[in-house]
There are 2 protein chains.
Amino acid sequence: MAEPMAERKQAILRAVTDDYISTAEPVGSRTIARKYDMGISPATIRNEMADLEEEGYLEQPHASAGRIPSDKGYRFYVDALMLGRSISEVEKSRIRAEYGRRRDEIRSLVRATAKVLGEMSQYASVVVGPAVKGARIHHIQLVPLGSDSVLVVVVTSSGLVEHRLLAIEHSMTPADLDRLSAVLNDRLRGSTLADIRGRILRDLQIEVSAYASFLEDMFELLIDAVRSSDEDRVHIDGLMKLLAQPEFKEIEKARPILEFLESDGMVLSELSASSRGGGGRPEISIGSENSRDELRNCSIVSAPYGPGGRVIGAIAVVGPTRMDYSMVTALVGFVAERLSELLTRLDMHKSTE
Amino acid sequence: MAEPMAERKQAILRAVTDDYISTAEPVGSRTIARKYDMGISPATIRNEMADLEEEGYLEQPHASAGRIPSDKGYRFYVDALMLGRSISEVEKSRIRAEYGRRRDEIRSLVRATAKVLGEMSQYASVVVGPAVKGARIHHIQLVPLGSDSVLVVVVTSSGLVEHRLLAIEHSMTPADLDRLSAVLNDRLRGSTLADIRGRILRDLQIEVSAYASFLEDMFELLIDAVRSSDEDRVHIDGLMKLLAQPEFKEIEKARPILEFLESDGMVLSELSASSRGGGGRPEISIGSENSRDELRNCSIVSAPYGPGGRVIGAIAVVGPTRMDYSMVTALVGFVAERLSELLTRLDMHKSTE
DNA sequence: GATTAGCACTCTAGAGTCAGGAGTGCTAAT
DNA sequence: ATTAGCACTCCTGACTCTAGAGTGCTAATC
């Protein structure tokens with residue numbers, strides 16, 4: 001058993017998969033003989049297909065229809081059969097153009113990524129931005145807004161800018177705030193927000209005891225910001241594209257997937273699991289391979305990204321199991337790479353100060 | 001012509017509409033006689049319904065089915081027939097709770113509004129946040145982030161916080177930036193971003209000529225921020241809820257509406273038109289009353305909001321023409337009012353500085 | 001021994017038919 | 001003016017039937 005699959009059988013499996021991916025119709029022996037001339041008759045192809053079905057690579061929707069790939073068939077296809085494609089120059093420059101303008105702030109970068117992935121893949125796209133939690137503080141600034149409120153701006157080392165308004169009881173002069181900002185920066189730079197809660201806060205409160213309660217409030221706010229910003233990490237696009245796929249014509253088929261995508265929390269846990277793998281090429285999860293049951297009718301192509309090899313988030317494309325793996329893999333790979341590159345450049349700026 | 005509709009006819013129209021709204025099935029004379037006992041026989045009801053159809057308030061999907069309200073019928077219903085309902089205390093406190101935590105920043109308020117509207121209405125919700133364009137500058141702050149980049153933070157009088165990273169060529173000390181911040185605040189407070197582009201920029205460049213090119217870059221960035229932030233104004237939620245409605249079971253029916261909602265630009269122009277009306281109670285736009293053709297299969301209930309009577313944005317619920325107008329109108333009204341109230345309070349803080 | 005032509009068989013999609021049910025419109029009686 | 005009665009219409013779902021596609025098997029062929 002487990003002997004390598006014969007050359008010709010592979011060719012047939014590839015043909016069936018290619019054809020089904022592009023037509024969404026079960027494909028029969030006749031079709032293959034006609035479209036992909038491999039010099040053998042439909043009858044021969046039928047025999048091979050019967051074998052492939054027995055081995056679990058193909059299945060029949062009903063007794064007298066053509067064959068379609070099973071999840072196992074798709075798996076073999078992406079691992080061994082699929083012709084690796086790289087995306088065209090036109091597409092590349094399209095992507096670069098999308099990034100051209102907004103190279104400054106990470107959130108708009110993330111959003112642009114979701115948009116370009118959705119539009120170019122014709123499926124749904126997901127981009128998970130960097131977490132605030134655990135990020136190191138790069139800069140913190142208190143901005144006086146009036147007699148009774150202060151804007152707290154925190155910039156993390158990953159380039160994320162968070163801000164919150166804080167009501168204050170006692171008037172503080174701009175000079176006060178500046179001095180406080182300086183102290184805060186001195187003490188907090190490089191710590192994570194989680195760190196702050198404990199030791200550092202206590203130290204600070206002693207040091208600038210006049211502002212003890214102000215600091216208390218401020219950290220409360222920041223902690224809350226961390227919590228709620230996790231929801232903001234997930235950006236979805238191209239839902240409409242997904243719904244345009246024939247497998248989702250009846251909305252019931254799409255509902256589980258849409259519900260999954262609508263729940264930021266689930267997306268987060270799913271994608272951060274898959275992005276641990278790090279490095280290399282995009283990861284492909286096909287139908288029943290997905291850990292969640294509601295995703296057994298779709299496939300996900302994902303890749304982590306981040307500056308200089310560090311992983312801070314992930315991008316993904318979600319489509320039917322009949323998705324164009326070749327195109328999507330190339331696209332996801334290129335975009336993740338491109339995004340990482342941009343972030344690396346941003347990061348360098350920051351470390352050379 | 002145009003004599004007032006007889007009492008009983010109105011009762012029948014109301015019954016038909018109520019029933020259709022809750023069952024989504026065409027309703028026949030028999031059903032009405034059974035469910036809403038108004039002491040008359042099905043035959044009488046039939047006669048009245050025939051009249052109502054002739055006058056355009058009802059229509060028949062096909063010759064021997066029950067009746068359903070036409071757009072004109074719904075219009076009469078919402079204007080004259082619908083029993084005004086106010087939302088329950090439970091719901092009110094649910095809404096208040098949603099707002100409880102995040103009273104600080106306008107963007108999270110807007111997002112929370114979209115979420116609560118979607119969940120409680122069971123339809124899609126749209127919230128248009130305040131425009132950056134045209135907003136007055138309340139505060140502007142330059143934050144040094146390293147030797148070669150500066151974070152520009154702008155707070156508008158509507159409470160919107162925008163920020164952008166700016167690469168700089170020549171190193172500027174924190175002190176430089178502080179002085180520059182002070183000058184900028186002095187000169188720009190109260191102007192709109194549009195104003196800046198012209199005269200003020202020139203004056204400033206002369207005054208602090210050392211930073212002329214820096215200022216040029218900065219304003220370039222801000223202008224761009226204004227442009228791109230228009231996209232961010234629109235927040236959608238509850239799309240899934242909309243798709244769960246029986247009229248959208250075949251995705252084709254929903255597509256035009258989804259496409260409309262996905263295009264921020266269209267939503268923006270549509271809603272800002274309707275929010276001009278200002279004040280009072282929610283505006284209801286039914287089916288063919290909508291100016292856009294792709295919306296002829298849905299109804300929109302919208303209301304403007306803003307601090308102290310000023311309109312800065314709008315909220316809306318989008319559902320099938322068979323939507324529960326009574327519930328939605330009450331909900332939209334309450335939420336818009338609540339949101340305006342919160343903003344008014346925020347605004348007062350700001351004007352008492 | 002592998003390949004292929006031929007053929008019977010199976011299954012689906014779509015068209016046609018039919019009965020049942022819901023609802024109407026009309027008429028005549030109240 | 002209202003209503004009971006009834007004929008009529010039209011949809012819905014079940015059933016049947018056919019055409020077409022595709023298979024699997026067998027026997028002939030290379």
Side-chain angles (χ1 to χ4, degrees), chain A residues 3 5-13 15-20 22-70 73 246-247 249-250, chain B residues 3 5-13 15-20 22-70 73 246-247 249-250:
Chain A
E3 52 187 87
M5 196 187 292
E7 193 71 39
R8 196 178 62 186
K9 225 192 260 181
Q10 295 196 13
I12 290 176
L13 179 51
V16 170
T17 311
D18 279 341
D19 204 72
Y20 184 62
S22 68
T23 66
E25 297 287 334
V27 20
S29 53
R30 184 188 207 68
T31 313
I32 300 230
R34 217 183 322 118
K35 281 213 252 182
Y36 309 77
D37 55 4
M38 32 185 72
I40 50 180
S41 79
T44 310
I45 296 175
R46 273 205 289 285
N47 287 331
E48 298 280 36
M49 294 211 299
D51 286 1
L52 282 166
E53 179 167 3
E54 200 158 345
E55 293 160 39
Y57 294 104
L58 293 180
E59 46 194 39
Q60 271 179 301
H62 56 84
S64 157
R67 305 298 211 293
I68 65 177
S70 65
E247 21 271 284
K249 218 170 62 224
E250 300 117 46
Chain B
E3 53 185 83
M5 197 187 293
E7 193 73 37
R8 196 178 62 186
K9 225 192 259 183
Q10 296 195 12
I12 290 175
L13 180 51
V16 171
T17 310
D18 280 340
D19 205 74
Y20 185 63
S22 68
T23 67
E25 298 287 333
V27 22
S29 53
R30 183 184 206 70
T31 313
I32 301 234
R34 217 183 321 119
K35 281 213 250 183
Y36 309 77
D37 54 5
M38 32 185 71
I40 49 180
S41 79
T44 310
I45 296 176
R46 272 205 288 286
N47 288 330
E48 298 280 34
M49 294 211 298
D51 285 3
L52 283 166
E53 179 167 1
E54 199 159 345
E55 293 161 39
Y57 295 103
L58 293 180
E59 44 195 40
Q60 273 180 302
H62 55 85
S64 158
R67 304 300 212 291
I68 64 177
S70 66
E247 21 272 283
K249 220 172 61 227
E250 300 118 46

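Note on naming: letters A, B, ... go to the chains in the order of the sequence lines (proteins, then strands), and numbering restarts at 1 for each one. Values reported hereafter were calculated over all heavy atoms of this structure, with side chains retained and with hydrogens, waters and symmetry mates removed.
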Nearest whole angstrom, please: distance from the P of C:dT27 to the CG of B:Asn47. 12 Å
In sequence, state the C-alpha distance, the side-chain angles, and the governing distance for B:Asp19 and B:Tyr36, and then conclude on side chain to side chain contact (heavy atoms under 4.5 Å, CB included). CA-CA 10 Å; B:Asp19 205 74; B:Tyr36 309 77; 2.9 Å; yes
Can you tell me whether the side chain of A:Ser64 and the base of C:dT10 have a donor-acceptor pair closer than 3.5 Å? yes
Tell me whether the side-chain N/O atoms of A:Ser29 come closer than 4.0 Å to OP1 or OP2 in D:dG22. no
Separation of A:Glu48 atom CD from C:dT4 atom P, in whole Å? 11 Å
Where the side chain of A:Arg8 is defined as all heavy atoms beyond and including C-beta, which of C:dT3, D:dT23, C:dG23 is the nearest nucleotide? C:dT3
Between A:Gly28 and A:Met49, the two heavy atoms sitting closest are C-CE, 4.1 Å
To the side chain of B:Ala50, which of C:dG25, C:dC7, C:dT4 is closest? C:dG25
Residue B:Arg67, side-chain heavy atoms: nucleotide from C:dT24, D:dC25, D:dT3 that is nearest: C:dT24
Can you tell me how far P of C:dT24 sits from CD1 of B:Ile45, to the nearest Å? 10 Å
Taking donor-acceptor contacts at under 3.5 Å, does the side chain of A:Arg30 reach the base of D:dG20? no
note: A:Tyr20, atom OH; D:dG22, atom P; distance rounded to Å ~ 14 Å
With sugar-phosphate meaning primed atoms plus P, OP1 and OP2, does A:Ala63 contact a base, only sugar-phosphate, or nothing at under 4.0 Å between heavy atoms? sugar-phosphate
By nearest heavy atom, map B:Ile40 and A:Pro26 onto DNA chain D; which one lands nearer the 5' end? B:Ile40
Over how many whole Å does the gap from A:Glu25 atom CD to D:dG22 atom P extend? 10 Å
Tell me which nucleotide among D:dC6, C:dG6, C:dT3 gets nearest to the side chain of B:Arg46. D:dC6
From CE of B:Met38 across to C1' of D:dT2 the rounded distance in Å is 16 Å
Quick one: does any side-chain atom of A:Ser70 pair with a main-chain N or O of A:Gly56 as donor and acceptor, under 3.5 Å? yes
From CD of A:Glu53 over to C1' of D:dT23, roughly how many Å is that when rounded to an integer? 10 Å
Which of B:Thr23, B:Asp18, B:Val27 passes side chain to side chain contact (heavy atoms under 4.5 Å, CB included) with B:Lys35? Answer is B:Thr23
Mind checking who D:dC11 pairs with, Watson-Crick or G-U wobble, both distances under 3.5 Å? C:dG20
Here the gap from B:Met38 atom CE to B:Thr44 atom OG1, rounded to the nearest 0.5 Å, amounts to 11.5 Å
Whom does D:dA4 pair with, Watson-Crick or G-U wobble, provided both distances fall under 3.5 Å? C:dT27
Rounding to a whole Å, what distance do you find between B:His62:NE2 and D:dT9:P? 15 Å
